[in-house]
Amino acid sequence: IAGIERGTLVRFSFESVEIEAYAGESVATALLAAGIRSWRNAPRDGGPRGLLCAMGSCQECVVRIDDIIVEACRAEVRSGLAVRRVS
Amino acid sequence: MTRNHDVIVLGAGPAGTAAALEAARHGLRTLLIDEGQDAGGQVYRPPCRALKDRPRTPELDAGDSLRRELSQSRVETRFGQRVWLVERGFRLASLGPEGPEQHSADSLIVATGAQERYLPVPGWTLPGVIGLAAATILLKAQGLLPGHRTVVAGSGPLLFLVAATIVKSGGEVPAVICLNRRIDWWIAMREMVSSFSLLSQGAAWLALLLRHQVPILWGHAVKRVEGGEAVSTVVVTPLAGGSETRLACDALCLGFGLTPSTEVTRLLGAEHTFDPQRGGMAVATDSNQATSIPRLYACGDGSGVLGAASASLTGRLAGLSAAHDAGMNVDREARAVSIRRRLVSVSGLGQAMTALMTPPAAVIDLMTPDTIVCRCEGLTGADLDSAIASGSRTMNDLKSTTRCGMGPCGGRVCGEFASMLIAARTGKPRATIDSPTARPPLRPVSLGAIGGHFDYDDLPNLQPGPL
């Protein structure tokens, strides 16, 4: 949403891509704002999956941070964060 | 890290926070624990740290006032805690930023709120399709639009809140697809007449949509979602049948109301009842918010979806009961009577909204054989129908036959619809389809994280037994 004053811009990495985002917003928000809508593929049919519930319930938006699987909608962006796909 | 309190309140939304404040007010050592960074739950979720200025809204004011009251109280808070195990007695195990924690208390108040009711349609797993409640979280807490052109579809009042907020925030809404017919809303209006602020807010939303020429298709449903890497087209039809309309878009907000989150109360073995007026399956509570398990209380949307206004009232009743049953000197009946009177006056509205959110039985026919129902396991309508035709008659049957509900989401997304499907195919009343047996962990946690840190030397050196 345009027209909102936001905090500090920082950089974090998703796989090998460097992304600029605001410290404190969710990793999911940062990825979506950068035009990345899917970072996981479905079991069985391998189709692209994306954010669904935005509250940490559905597990569709999971990423790997510090080798632990976490929901991107609950993880916060900070400078230097290294985010990877789950698989 | 183990602590002792008189009462633990699980969930810091409007209900849980009210319960904790009330319990502490009457002298109980109270712990309020929540997965979020601060109190507010979903409805009063504060904007994330990245958002520096947000327009003042009644919700933001209510949430800030709640957080302020909490900080000035004697309630101990633990935020950022993912609770993965709850046992009778009561003991909670959680995982937080500082590692694993355990907390125990004689009384437990569960205020875990509600979750979205998901109804699958072909193509709904495409990126760009999010829930209605999910849209409100993105808009108010993250300052993010779901897309450039967002179709908003489903049932209940959230539909208009989301569409209006998207338009107000500079987004485009090609159409609002409302499952409810106009007459369903007229019926609900009877309960709304006493709430002028809500009526005027609803009218403001509709006026805004009218001004921006956003078409509202009443009695319509999303039939199919199409796209390659993400949603590009939404196909809608009248629910009663009729011609299709194609809408080009890059996002779809799809939601069919809220249903209570019952994982914790089911894990504890409390009795539950199915009541469409409360959003479906909910833990059974008496007028004191007590459950079938001694010293276990439930309040807020988690005990019946009645909305935020009712939540703080049922929260106070739960806190009051916990204090009373713990032996605190509190004139429970006198205080409860006035709370209950207010509850009666606001819950009628909450029930009307819940009724609007409840989907008609015909939605079951929107699912096709190739529609994915269990997203975690990739199970289609055909997979589940085949299992039901071969003899699965309960959610436990379906779970053990197909793995439906055993994926990472724990059945939170598919459970509601799977229950509706079993009822529709077997002819059993929906109320008789029980939830599957709940097992820990409540959320996925890594063994390494909950195991904590230990060295090889910490392992006990057992002596071998005699041969």
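Proteins come first, then strands; the chains are lettered A, B, ... in the order of their sequence lines, and each starts at number 1. Everything numeric in this text was worked out from a predicted model, so none of it was measured.
- The environment of CZ in A:R64 is crowded: more than 12 heavy-atom neighbours from other residues, nucleotides or ligands sit within 6.0 Å.
- Residues of residues 133-143 of chain B having a heavy atom under 4.5 Å from any heavy atom of chain A, listed by number: B:A134, B:I137, B:L138, B:L139, B:Q142, B:G143.
- Remark: B:D53 CG is packed, more than 12 non-hydrogen atoms of other residues, nucleotides or ligands lying under 6.0 Å away.
- A side-chain donor-acceptor contact under 3.5 Å links A:R49 to the backbone of B:R375.
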Next item on the list: Run the numbers on A:L52 and B:Y118 for side chain to side chain contact (heavy atoms under 4.5 Å, CB included), then give the verdict.
Entry: CA-CA 10 Å; A:L52 177 68; B:Y118 299 96; 3.8 Å; yes
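- By the neighbour-count criterion of 12 heavy atoms within 6.0 Å, atom CD of B:E229 is sparsely surrounded, having that number or fewer from other residues, nucleotides or ligands.
- Among A:A21, A:S57, A:P48, the residue making the largest number of heavy-atom pairs under 4.5 Å with chain B is A:P48.
- Interatomic distance, A:T8 OG1 to B:R49 CZ, rounded to the nearest 0.5 Å: 8.0 Å.
- Of all heavy-atom pairs spanning B:C376 and A:C58, the tightest one is SG-O, 4.4 Å.
- If you measure heavy-atom distances from B:I372 to chain A, the contacts under 4.5 Å come from the side chain alone.
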Margin query: Show, in sequence, the C-alpha distance, side-chain angles and deciding distance for A:L32 and B:L144, and conclude whether the side chain to side chain contact (heavy atoms under 4.5 Å, CB included) test is met.
Written below: CA-CA 9 Å; A:L32 290 167; B:L144 187 72; 3.8 Å; yes
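- With a 4.5 Å cut-off on side-chain heavy atoms, B:R82 and A:E71 count as touching.
- A heavy-atom distance below 4.5 Å is not found between the side chains of B:Q115 and A:C53.
- Within the 4.5 angstrom heavy-atom criterion, only backbone atoms of B:P146 (N, CA, C, O) approach chain A.
- Ranked by heavy-atom pairs under 4.5 Å with chain B, the first of A:G50, A:C73, A:A2 is A:G50.
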Margin query: Pair A:E76, B:Q37 - check side chain to side chain contact (heavy atoms under 4.5 Å, CB included), show working.
Written below: CA-CA 10 Å; A:E76 264 192 18; B:Q37 299 303 311; 4.1 Å; yes
Notebook entry, point to check: What do the steps show when you test B:E35 against A:R74 for salt bridge (Lys or Arg N to Asp or Glu O under 4.0 Å), and what is the final call?
Noted result: CA-CA 9 Å; B:E35 159 172 275; A:R74 291 207 325 132; 3.7 Å; yes
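- Put simply, of B:P444, B:S261, B:S446, B:G228, the one with the most heavy-atom pairs under 4.5 Å next to chain A is B:P444.
- Other residues, nucleotides and ligands contribute at most 12 non-hydrogen atoms within 6.0 Å of the NE2 atom of B:H148.
- Shortest non-hydrogen contact noted between B:E377 and A:P43 is C-CG, 4.0 Å.
- Contacts between B:D250 and chain A at a heavy-atom distance below 4.5 Å involve backbone atoms as well as side-chain atoms.
- A donor-acceptor pair under 3.5 Å is formed between the side chain of A:R44 and the backbone N or O of B:G378.
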Check: So A:M55 and B:E116, side chain to side chain contact (heavy atoms under 4.5 Å, CB included) or not? Walk me through it.
Finding: CA-CA 10 Å; A:M55 58 185 261; B:E116 201 119 34; over 6 Å; no
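- Taking each heavy atom of B:R443 and A:G56 in turn, the nearest pair found is NH1-O, 3.2 Å.
- Note on residues 33-42 of chain A: pairs passing side-chain hydrogen bond (donor to acceptor under 3.5 Å, both in side chains), not counting sequence neighbours, are A:R40-A:E60, A:N41-A:R85.
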